[in-house]
Amino acid sequence: MANVVVQTLLEKFPESVSPAPDFRDEEAVCVAREGLPEVLRFLYADPDTEYRLLEDICGADYPEREKRFEAVYHLYSVKTARHLRLKVGIGEEDPTLPTATGIWKAADWFEREAFDQYGIRFEGHPNLRRILNHEEFVGHPLRKDYPIKGRQKLTRPSNLGWDERKSAGNGGGSDAEAGQPEQMILNIGPAHPTTHGTLRVLARLEGETILEADPEIGYLHRGFEKTAETLTYQQVIPLTDRLNYVSAMMNNVGYCRAVEKLLGIEVSKRVQYIRVIVSELSRIIDHLVCIAANIVDIGALTPYWYCFRERENVYELLEALCGARMTTSYTRIGGLAHDLPDGWVDKCREYIRERVPRGIEETDTLITKNRIFVDRTMGVGAISGEDALNWGFTGPCLRASGVPFDVRKANPYYDYDKFDFDIPVGSNGDTYDRYLVRMEEMRQSLRIIEQALDGLPEGPISIEDRRISLPEKEAVYTKFGALVQHTKLIVDGILPPEGEIYSVTEAANGVLGFYIVSDGTKRPYRIKVRPPCFAIFQALPQLTEGSMIADLIATVGSLNIIAGELDR
Amino acid sequence: MWIDYLVWTVQNLLFPVVVPVVLLTGVILAVWIERRGAGFIQDRVGPNRVTLFGFRNAGLMQPIADALKLLVKEEFIPEKADRFLFFLAPTLSMIPALLTFMVIPFGDVLVLGKYRIPLQVADLNVGLLFIFAISSLGVYGIVLGGWSADNKYSILGGLRSSAQMISYEISMGLAIIGILIVFESVRLNDIVRMQGDLLFGFLPRWGIVVQPLGFLLFFVAALAETNRIPFDLPEAEAEIVAGYHLEYSSFKFSMFFMAEYVNMMVASGFIVSLFLGGWQIPWLPTEALVAHVGPILTAVLQVAAFAVKLWFIMWVFVWVRWTLPRFRYDQLMGLGWRVMLPLALANIFVTSVVPFVLGVY
């Protein structure tokens, strides 16, 4: 059953589709460049499959191959709850591909990123500019022949090509044509209270109404993917903390789960349950921060403190696990760094029964039915479910639009199918619904944690495999075998088999995907993160054009854009 | 006689100096209430670290420390700013704020033998109109501050404030016409004195009792006029960064800052005088008080009553600020023109017609 789609594709497009190596039961095919648009259109429209969600497009570089570059498409069908990977090889002499923006709007920024990082040109793309790197950047940094230390110091401010437009039309100042309302170009961010120093939106205004909005990102681009290629699998974990730094635990879990899939191992039930608990705690933190920041941008500071007080309480729990509040690095490949400390379960139970609900309910009382808040958010930044899916929305933002897609229900991992919880769904996809969905998700997360604490099994916190998990520290100091094992693991690292996997988890913002290519060495050949808010933020122009500055602020807040994972 | 000179000096020189000084000192208390009140509402402590002679004094010295810090901060003037207007704007927002308080009575006329000392700086017979005339000037400070800085965010703030001030000034003016009809005077001291009467023999005839809707409208308009949340659109730090005072630093900024609090005190004093009986102590008219405790203590008690009411309203301002989110610009305009203006007109109509129908006149 697993390969029905692959079979169909092979039969339907015999000249352009060829099978990809079978690895870890993932559905993947290679597609020739010429047949790509046809295949994509078929997959999107075919009533049996309906791959309506384009999760990711990324590039990869294999200098030794005849066709040096590869574009990798990850599609998802909400209907069948299955992923599909398409791999398209492209030669170096002509690295062009037809664009997919006509089918999925989500392809827009993903294609720009592939162009930026690998120099793959997407023909027909409406706006193929660099996205993460500066516009004056020379070269394509994720190519294998680009040096890891190839930093370029570029400081010229970018105008996103708006100066040319300004001189062509009327762009602020007093030289507006007679009869035409005066327009003004306003630069919002990156140094602006709501963009937190990491986002920038250029807006063309008429009065306070936004005629055109153009988001620019990349201010927090640190080259996560390039750096990861120089580290061992275990060493990448601390870097994942910095992806979505508001809920670092979930990145740890997502990354380790991906590598474990690559290795073909399964962690013990205890580890799974603890990972569920910390993930849901992180989800609560993330939603608290998002709601708090959203409300404070709308002008009410008090609920912000109610949320942040409880967030601090949850941070206390996480700190007890790993010693850090934000940069947790708690998981390890094959397990966890530490077991739960003594008394943690009781403390956690007390916190989630008494403290966290108090913050949620106080915020609820103060804000949910507040007329000003409702007026400010209802109908603001609204998007339909179909559009949201097309833009690549996942997580609370998609569910607020009425699409009940949640990885925890659709593709359950870690016993999520055994927990009793609901997926809240909105109907209008506006800022208010996003707020409501997040509020309810926190309550559901509390339910999950409660059940996971009750059912927490005993067991090891690390798998018994000397090629993967480190021995006890005590044993390293006293036993020769353990010392050798420790040294070998640190020096040689974990050696996964050759192959590639794509693994997703439901992070606080939506689908967090890791695409990992292994060449059998201790370092990942390629890691691509599929950050949920990357797809969401690109829809900003559609969400805000025609509304006012205040609406833009409210909308950006409700999308929960975390620059750490947006820019990587 | 020397006592004549003394009374003259108190009335004409001491009050005009002391009242602004008290107001500016009141800013310290207002900021303290704001910040500690915010802390109280938000389940945290608030500023409590600044000490005076080694005592914590619950953070009361914090505003003074802030003011001193602002004084020594770097003065920044944008390159393309209109320097004259840039300098003028903070002054323009501060002076009207201080001037307006001059006509608000903080006690009944103090009668010492043959001398009658009104406990207010200027007992104008057009007191109410004076307040409206002068307080409207305050908007120039904000508009010019926004305009002269040559910053797009500042201009948006200035534009917002001018539109907002004009819209709410109308509702504000119409809201007190009911009061004028009821008390038949524009002299503030007369209005306050008449609020000492009792309705039905037990209920003080305060403005809030005879004009509840007028009070509500006036209170909302006062929030808007003082640019407080939910009407703080001219500064709205999340949207237009800090609006009209974005480019201001050092003492010019603190002028704007203090002007906001002085304006709050003026608005509170105004609300107290019109709707909460001013310096009146309920059920204790001046004559009865003088007969029992003498004129001086009466004056002290009345000033105290006025201060208590004023600071209560100030606390309500703080309370509202830390409870509500901010309006959007068009919602603010909608509220002003489509809700408050008709209500204010209806209030005038009802106030004029009902006594006529009931045969009170």
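Here is how names work: the chains are called A, B, and so on, in the same order as the sequence lines, proteins then strands, and each is numbered from 1. Every value quoted in this text rests on a predicted model; they were computed, and no experiment measured them.
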Discussion item. Go through it in stages, so that I can follow the logic: the residues are A/Glu208 and B/Leu156, the test is side-chain contact (heavy atoms from CB on, under 4.5 Å), and I'd like the CA-CA distance, side-chain angles, deciding distance and then a yes or no.
Written reply: CA-CA 8 Å; A/Glu208 287 211 22; B/Leu156 283 175; 4.0 Å; yes

Discussion item. If you count heavy-atom pairs within less than 4.5 Å of chain B, which of A/Ile295, A/Asn187, A/Leu552, A/Leu301 leads?
Written reply: A/Leu301

Worksheet item: Rounded to the nearest 0.5 Å, how far apart are CG of A/Leu366 and CG of B/Leu324?
Response: 8.0 Å

Discussion item. Tell me whether B/Phe40 at atom CZ has more than 12 heavy atoms from other residues, nucleotides or ligands lying less than 6.0 Å away.
Written reply: no

Practice prompt. Would you check if the side chain of B/Lys152 reaches a backbone N or O of A/Met184 as a donor-acceptor pair within less than 3.5 Å?
Written response: no

Worksheet item: From A/Arg358 CZ over to B/Asp43 CG, what is the distance, rounded to the nearest 0.5 angstrom?
Response: 6.0 Å

Worksheet, complete the sentence: Looking only at heavy atoms, the pair that brings B/Ile41 and A/Tyr306 closest together is O-OH, 2.8 Å

Discussion item. Can you tell me which portion of A/Val380 sits under 4.5 Å from chain B's heavy atoms? Options are side chain, backbone, both or neither.
Written reply: side chain

Worksheet item: For A/Asp375, is it the side chain, the backbone, both, or neither that has a heavy atom closer than 4.5 Å to a heavy atom of chain B?
Response: both

Item to complete: Give a yes or no on whether B/Arg44 atom CZ has more than 12 heavy-atom contacts from other residues, nucleotides or ligands under 6.0 Å away.
Response: yes

Item to complete: Would you sort out whether A/Thr302 and B/Thr323 count as a side-chain contact (heavy atoms from CB on, under 4.5 Å), showing the intermediate values?
Response: CA-CA 6 Å; A/Thr302 298; B/Thr323 306; 5.9 Å; no

Worksheet item: Charged N to carboxylate O under 4.0 angstrom, B/Arg328 versus A/Asp551?
Response: yes

Worksheet item: Is there side-chain contact between B/Arg326 and A/Arg376, with at least one heavy-atom pair below 4.5 Å?
Response: yes

Item to complete: Drop me the distance from A/Tyr304's OH to B/Trp322's CH2, to the nearest 0.5 angstrom.
Response: 12.0 Å

Worksheet item: Is the count of non-hydrogen atoms from other residues, nucleotides or ligands lying under 6.0 Å from B/Tyr140 atom OH greater than 12?
Response: no

Worksheet entry | Distance, nearest 0.5 Å, that separates CG of A/Leu186 from OH of B/Tyr153 | 4.0 Å

Discussion item. I need the residue from A/Leu205, A/Asn370, A/Ile549 with the largest number of non-hydrogen atom pairs under 4.5 Å to chain B.
Written reply: A/Asn370

